[in-house]
Amino acid sequence: MITRRIPDFNLGQIARSGQCFRFDPAEDGAYTLTARGRQLTLGQDGDTVWFDCGEEEFSSVWRPYFDLDTDYGAFKRAVSKQDKYLQAAIAAGGGIRILRQELWETIVCFIISQQNHIARIKKCVENLCLLLGEPCYNKHGERYFCFPKPEALALCEPSDLACCRLGYRAKYLTQSARQVVSGEVDLQRIAALPYEEARQELMRLTGVGVKVAECICLYALHHIDAFPVDTHIRAMLDKHYPKGFPMKRYRGFAGVMQQYGFYYELGV
DNA sequence: AGCCAGGACGGAA
DNA sequence: TTCCGTCATGGC
């Protein structure tokens with residue numbers, strides 16, 4: 001068991017922030033997270049966070065996953081005092097962090113996310129893991145399912161995924177999986193590219209447009225200057241930034257502000 | 001009971 | 001280029 005005092009960290013906010021769809025509520029406000037081929041239970045009491053794992057796993061996996069070496073207070077202090085909207089967003093969701101999720105998993109999840117509700121996205125992802133994910137066992141001997149590898153999806157026809165209720169997105173997944181397995185799209189290479197080039201390469205995948213590509217850049221590749229505009233952010237921009245969002249002020253980390261805004265717009 | 005969701009695609013103009 | 005109809009599904 002690892003415990004750390006972590007400022008600007010709120011587990012509930014992170015779990016609800018819509019970046020990762022594999023947080024499940026556990027006992028006493030704790031969460032079980034399935035990610036990076038593992039399953040972790042973690043919880044929080046005030047600014048003290050506990051991780052049910054050893055020191056080595058914490059340092060090599062979860063510290064980078066939750067971006068714990070970054071000072072989010074600095075991001076928040078960069079927000080203009082006159083910007084009442086972002087100040088309120090930070091007051092509501094200042095414990096959010098930009099995660100470092102696996103690339104392939106993020107591609108699949110955000111292809112599923114298009115024209116879909118978060119609650120149903122979670123269900124679709126869960127269905128997919130049950131159908132095609134490898135069964136694993138956590139440290140308590142409980143079975144769970146890892147995220148399906150591209151090879152498993154590439155072997156499927158869209159009709160094979162019918163039980164996952166993905167709708168028209170099923171064909172996007174099988175097609176993208178084949179592009180990855182064939183090497184037509186090289187994820188290893190994309191992971192090493194700068195933001196603009198990574199975004200462009202990701203958009204070669206079937207079912208990945210500008211918005212989804214930017215989500216992947218932000219939530220997997222940690223290009224925190226990516227600024228995905230979905231319906232919620234569109235509403236935020238129209239209502240509160242009719243003259244345009246102050247991108248220059250937040251150059252280099254606008255994606256963090258996007259995430260505060262998104263969470264605030266969700267109204268949770 | 002509809003509305004709409006973290007949009008993308010293909011074809012038309 | 002931009003614009004528009006279409007695509008599945010079910011939570012709310």
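Below, chain A is the first sequence line, B the second, and so on; all start at residue 1. No hydrogens, no waters, no symmetry mates; every other heavy atom, side chains included, goes into these values.
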Heavy atoms under 4.0 Å, any strand shown: does A:Arg165 hit a base, just sugar-phosphate, or nothing?
sugar-phosphate

Rounded to whole angstrom units, what separation is found between the CG atom of A:Asn127 and the P atom of C:dG10?
10 Å

Can you measure A:Arg169 atom CZ to B:dA5 atom P for me and round it to whole angstrom units?
13 Å

List every contact pair, protein side and nucleotides 10-13 of chain B side both N or O, where the distance is under 3.5 Å.
none

Length of the CG-P vector between A:Leu266 and B:dG6, whole Å:
7 Å

With no angle test and no hydrogens, is the base of B:dG6 tied to the side chain of A:Tyr219 by a donor-acceptor pair under 3.5 Å?
yes

Quick one: on DNA chain B, does A:Lys211 or A:Met203 contact a more 5' nucleotide (nearest heavy atom)?
A:Lys211

Between A:His232 and B:dG6, is there a side-chain N or O to OP1/OP2 distance below 4.0 Å?
yes

Set out, in order, the CA-CA distance, both residues' side-chain angles and the distance that settles salt bridge (charged side-chain N to carboxylate O under 4.0 Å, His left out) for A:Glu57 and A:Lys139, then state yes or no.
CA-CA 13 Å; A:Glu57 178 177 331; A:Lys139 57 189 286 187; over 6 Å; no

For a side chain to side chain contact (heavy atoms under 4.5 Å, CB included) with A:Trp62, tell me which candidate from A:Ile2, A:Leu33, A:Leu42 qualifies.
A:Leu33

Parallel, tilted or perpendicular: which describes the rings of A:Tyr85 and A:Tyr241, with under 30° parallel and over 60° perpendicular?
perpendicular

Rounded to whole Å, CD of A:Gln114 lies from C1' of C:dC7 at a distance of 9 Å

Ring centroid separation for A:Phe110 and A:Phe21, is it under 6.0 angstrom?
yes

Polar contact flag, side-chain donor to acceptor under 3.5 angstrom, A:Ser17-A:Gln19:
yes

Test item: A:Cys109 and A:Phe147 side chains (from C-beta on) under 4.5 Å apart, heavy atoms
yes

Would you classify A:Ser17 as touching base, sugar-phosphate or nothing, given that sugar-phosphate means primed atoms plus P, OP1 and OP2, and contacts are heavy atoms under 4.0 Å?
base

Pick base, sugar-phosphate or nothing for A:Glu214, based on heavy-atom distances below 4.0 Å to the nucleic acid.
nothing

Whole angstrom value for the distance that separates C1' of B:dC9 from CD of A:Gln175:
13 Å

Atom pair distance, as rounded to whole Å: CD in A:Glu265 and C1' in B:dC4
16 Å

Should A:Arg22 and A:Glu105 count as an ion pair when the cut-off is N to O under 4.0 Å?
no

When you get a sec, tell me which of B:dG6, C:dT9, B:dA8 is the closest nucleotide to the side chain of A:Arg120?
C:dT9

Which listed nucleotide (B:dA8, B:dG6, C:dC7) is nearest to the side chain of A:Lys171?
C:dC7

Mind checking if A:Leu205 touches a base, just sugar-phosphate, or nothing, with heavy atoms under 4.0 Å?
sugar-phosphate

Whole-Å P distance, C:dG11 and B:dA8:
23 Å

Rounded to whole angstrom units, what separation is found between the NZ atom of A:Lys122 and the P atom of B:dG6?
13 Å

Students often get this wrong, so: under 4.0 angstrom with heavy atoms, is A:Gln19 touching a base, only sugar-phosphate, or nothing?
base

OP1 or OP2 of C:dG11 versus the side-chain N and O atoms of A:Lys123: is any pair under 4.0 Å?
yes

For the side chain of A:Tyr172 and the base of B:dG7, is some donor closer than 3.5 Å to an acceptor across the two?
no

Verify the contact: side-chain N or O of A:Thr231 to OP1 or OP2 of B:dG7, cut-off strictly under 4.0 Å; return yes or no.
yes

Relative to the 5' end of DNA chain C, which residue comes earlier, A:Tyr168 or A:Ala119, by the nucleotide with the nearest heavy atom?
A:Tyr168

On a whole-Å scale, what distance lies between the C1' atoms belonging to B:dC9 and C:dG10?
23 Å

Return the 5'-most residue of the pair A:Ile121, A:Gly207 with respect to DNA chain B, ranking by each residue's nearest nucleotide.
A:Ile121

Rounding to an integer number of Å, can you tell me how far A:Ile112 CD1 sits from C:dG10 P?
14 Å

Base, sugar-phosphate alone, or nothing: which one does A:Gly18 contact when heavy atoms must sit under 4.0 Å apart?
base

Just to verify, which of A:Thr34, A:Asp24, A:Thr32 counts as forming a side-chain hydrogen bond (donor to acceptor under 3.5 Å, both in side chains) with A:Gln39?
A:Thr34

Could you give the distance separating B:dG6 and C:dC4 at their P atoms, to the nearest angstrom?
24 Å

Identify whether any heavy atom of A:Val208 sits under 4.0 Å from a base atom; if not, whether one sits that close to sugar-phosphate; answer base, sugar-phosphate or nothing.
sugar-phosphate

Would you please name every residue forming a ring-ring contact (aromatic ring centres under 6.0 Å, His included) with A:Tyr144, sequence neighbours left out?
none

